[in-house]
Peer 1: 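Got a structure for you, written out below as structure tokens; questions coming shortly.
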Amino acid sequence: MKSILVTGATGQIGVELTQALRDEYGAAYVTAAGHTSQPPGDLTQTGRYCHFDIRDASALNQVVENYHCDTIFHLASLLSAVAEAKPLEAWDANMNGLINVLETARTHGCAVFFPSSIGAFGPETTGFNTPQDTIQRPKSLYGITKVSGELLCDYYFHRYGVDTRGLRYPGLISNKALPGGGTTDYAVDIFYAAVKNRHYDCFLRGDTQLDMMYMPDAITAAITLMEADSAKLKHRNAFNITAMSFTPEQLTTEIQKYLPDFTVSYCVDPVRQAIADSWPRHMDDSAARAEWGWEAKYDMTTMVKDMLEQITVKLNKKLR
Ligand code: SER
């Protein structure tokens, strides 16, 4: 990777991945791209930022050409709850955005990273130790775009030799940019509510178990996969990866170790609950471990400690 473009750079993953790539490869070699003309300051202060709509193929081509990009981390996407509210918009952004990226990569010889998700599975799939290769019949529009994306990336690899690689991320927990309308967002929102108000109103049932990961592991995974020896990759699009698995009730108990007066009530959103009920509780990530050495550093205990410390500082509050 010599010159990198990150699409969706203002999003939950994008903000942190862009910074990590700039630290690793040099700020001059990492271009951030997003749809907003007013990105967070960090993105523009530490390097180049371009503003365009991912559905605009010629704008994308121009940026790749101008900066001689050889790798595209394509993160621009609408998340699951937003996609249910705006299915046509989600199809347009998620699929036409991806095909533009793949076509640009084919023309300019770029490698492509594409994040898939636990959302790529559905209720017919085994929810515990979900195999790498298994039935994928998602019921959410978001999941449909993720499975289609995995297949499209495979197609561009087999048909045109584009070096496409991808991960099936579980729910991602982070403390820089907020997630934008996903089903697993509760696991981020709960920390802000705990530190600010000592109370959280959860939109999923207390016993909803989902696969989760802390952002530092998600960032390491993306960079490690893109650096991995291509010859060793049997699966490209996309690898199951996991780090921890918990319910809102279990997460609450862990947070209460630091904030004993923290309480949670439940006001279940039927749309997001139905999505969550169809997703894996824990994926089998043995293919990622075997093919490129994947290993998570954070479990629930270490993640909660770090999240509370970071958010307490961010919100200028006191823990305890
Ligand atoms: N975090 C995403 C969502 O909830 C899943 O990949 O939509």
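Ligands are counted one by one from 1 in listed order, and the atoms in each one are counted from 1 as well.
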Peer 1: Which value, rounded to the nearest 0.5 Å, describes the distance between I190 atom CD1 and T252 atom OG1?
Peer 2: 4.0 Å

Peer 1: Find out whether the Lys NZ or Arg CZ of R106 is both under 6.0 angstrom from the six-membered ring centre of Y160 and within 45° of the ring's axis.
Peer 2: yes

Peer 1: Listing by chain and number, which residues have a heavy atom under 4.0 Å from ligand 1?
Peer 2: L79, S80, S117, Y142, G182, T183, T184, W279

Peer 1: Please name the residue in the list D211, N129, D284, D285 that meets the side-chain hydrogen bond (donor to acceptor under 3.5 Å, both in side chains) test with T242.
Peer 2: D211

Peer 1: For atom CD of E227, decide whether the heavy atoms of other residues, nucleotides or ligands shown that lie under 6.0 angstrom number more than 12.
Peer 2: yes

Peer 1: Think R281 forms a cation-pi with F128, using NZ or CZ under 6.0 Å from the six-ring centre and within 45 degrees of its axis?
Peer 2: no

Peer 1: Determine, for F262 and R198, whether the Lys NZ or Arg CZ falls below 6.0 Å from the six-membered ring centre while staying within 45 degrees of the axis.
Peer 2: no

